[in-house]
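Counting starts at 1 for both ligands and their atoms, following the listed order.
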Amino acid sequence: MITIKSAQDIEKMKAAGKVVEETLLLLEKNVRIGITTEELNRIAEAYIRSQGAYPTCLNYNGYPKAICISVNDVVVHGIPGPLKLRDGDIVSCDVCATLNGFIGDATRTFPVGNVAPETMELLRVTKECFFEGIRYARPGYRVSDISKAIQAHAESHGYGVVRELTGHGVGRELHEDPEVPNFYSPRARQRLAAGMTIAVEPMITQGRREVWQDEDGWTVRTQDGKPAAHYENTIAITDGEPILLTCSEAIG
Ligand code: MF3
Ligand code: CO
């Protein structure tokens, strides 16, 4: 069941989204060669709590840390730990925060030091996929119109679109209806309507799209070992352009 948020609900989601965006900006400033993913997790958790918010991922389905940090071939749900970032890595930070009963969810993939030009291209195109997708995030379109636009942009660059993970509704719960796939699916036929709040999150691979899960039960990697990028924002559907709840950038 898709829940429609009131204007007051959306204001609360803006506040939660702001904490998420600020956490990501803080992480970006701290990403450097030699820092461990555990240290980045600690910085994020301290900031989220300092704002009176709760790091939604912590204990979500038993997840053990405050945020997800996914390096290189890890697509999503990497668990922070002693791994030190190295020159040329890419690192995806997926941050969720709950404030006053509402949740924001966003992800950025950051370069570490000198990253290969072809991998910088993957980061750029993954972000573009989000903005291509949300051109259709308006009443009158279907969820699958967002999906199709993301897939078309990624595949036009020869990239893979992960099938096992999707975007989702978000609000009082982290994962609400509808599913928002990054590839065309006939299931995603719901019509978009003002007051829907969704996380749009292209997960794009440089090589083949197949992934597998590590024995830790969380970490999702590309099977071919090539890098993957992730770009996500929580957005609100309105009668006009969507509101980006976790991103201050203008819609291009
Ligand atoms: N943004 C991630 C998602 O939508 C958050 C996962 S939290 C975790 O799946 F705890 F499940 F890792
Ligand atoms: Co999400």
Subject >> Protein N/O/S neighbour count - the Co ion (ligand 2), strictly under 2.8 Å >> reply: 4
Original post:
Can you tell which part of C68 has a heavy atom less than 4.0 Å from ligand 1: side chain, backbone, both or neither?
Top reply: side chain
Original post:
Counting from 1, what ligand 1 atoms have a heavy atom of E201 closer than 4.0 Å?
Top reply: 4 (O)
**OP:** Indicate yes or no: does D9 engage K12 in a salt bridge with an N to O separation below 4.0 Å.
**Re:** no
Original post:
Of all the non-hydrogen atoms in the protein, which one sits nearest to atom 2 (C) of ligand 1, and at what distance?
Top reply: D94 OD2, 3.1 Å
**OP:** Kindly say whether the aromatic ring centers of H230 and F130 come within a distance under 6.0 Å.
**Re:** no
Original post:
N/O to N/O below 3.5 Å, does that happen between Y63 and ligand 1?
Top reply: no
Subject >> Nearest candidate to atom 5 (C) of ligand 1, where distance is taken over non-hydrogen atoms, out of P55, P64, C57 >> reply: C57
Original post:
Are any side-chain N or O atoms of T36 and backbone N or O atoms of E39, one a donor and one an acceptor, separated by less than 3.5 Å?
Top reply: yes
**OP:** Using a strict 4.0 Å cut-off to heavy atoms of H168, name the atoms of ligand 1 that fall inside it.
**Re:** 4 (O)
Original post:
Using 4.0 Å as the upper bound for N to carboxylate O, is an ion pair formed by K5 and E176?
Top reply: yes
Original post:
Does ligand 1 have an atom under 4.0 Å from some heavy atom of D105?
Top reply: yes
Original post:
In terms of residue, atom name and distance, what is the protein heavy atom nearest to atom 3 (C) of ligand 1?
Top reply: H175 NE2, 3.3 Å
Original post:
How are the rings of H153 and H157 set to each other: parallel, tilted or perpendicular (split at 30° and 60°)?
Top reply: perpendicular
Subject >> Shortest protein heavy-atom distance from atom 6 (C) of ligand 1, along with the residue and atom involved >> reply: H77 NE2, 3.6 Å
Original post:
Which atoms of ligand 1 have any heavy atom of E232 under 4.0 Å away?
Top reply: 1 (N)
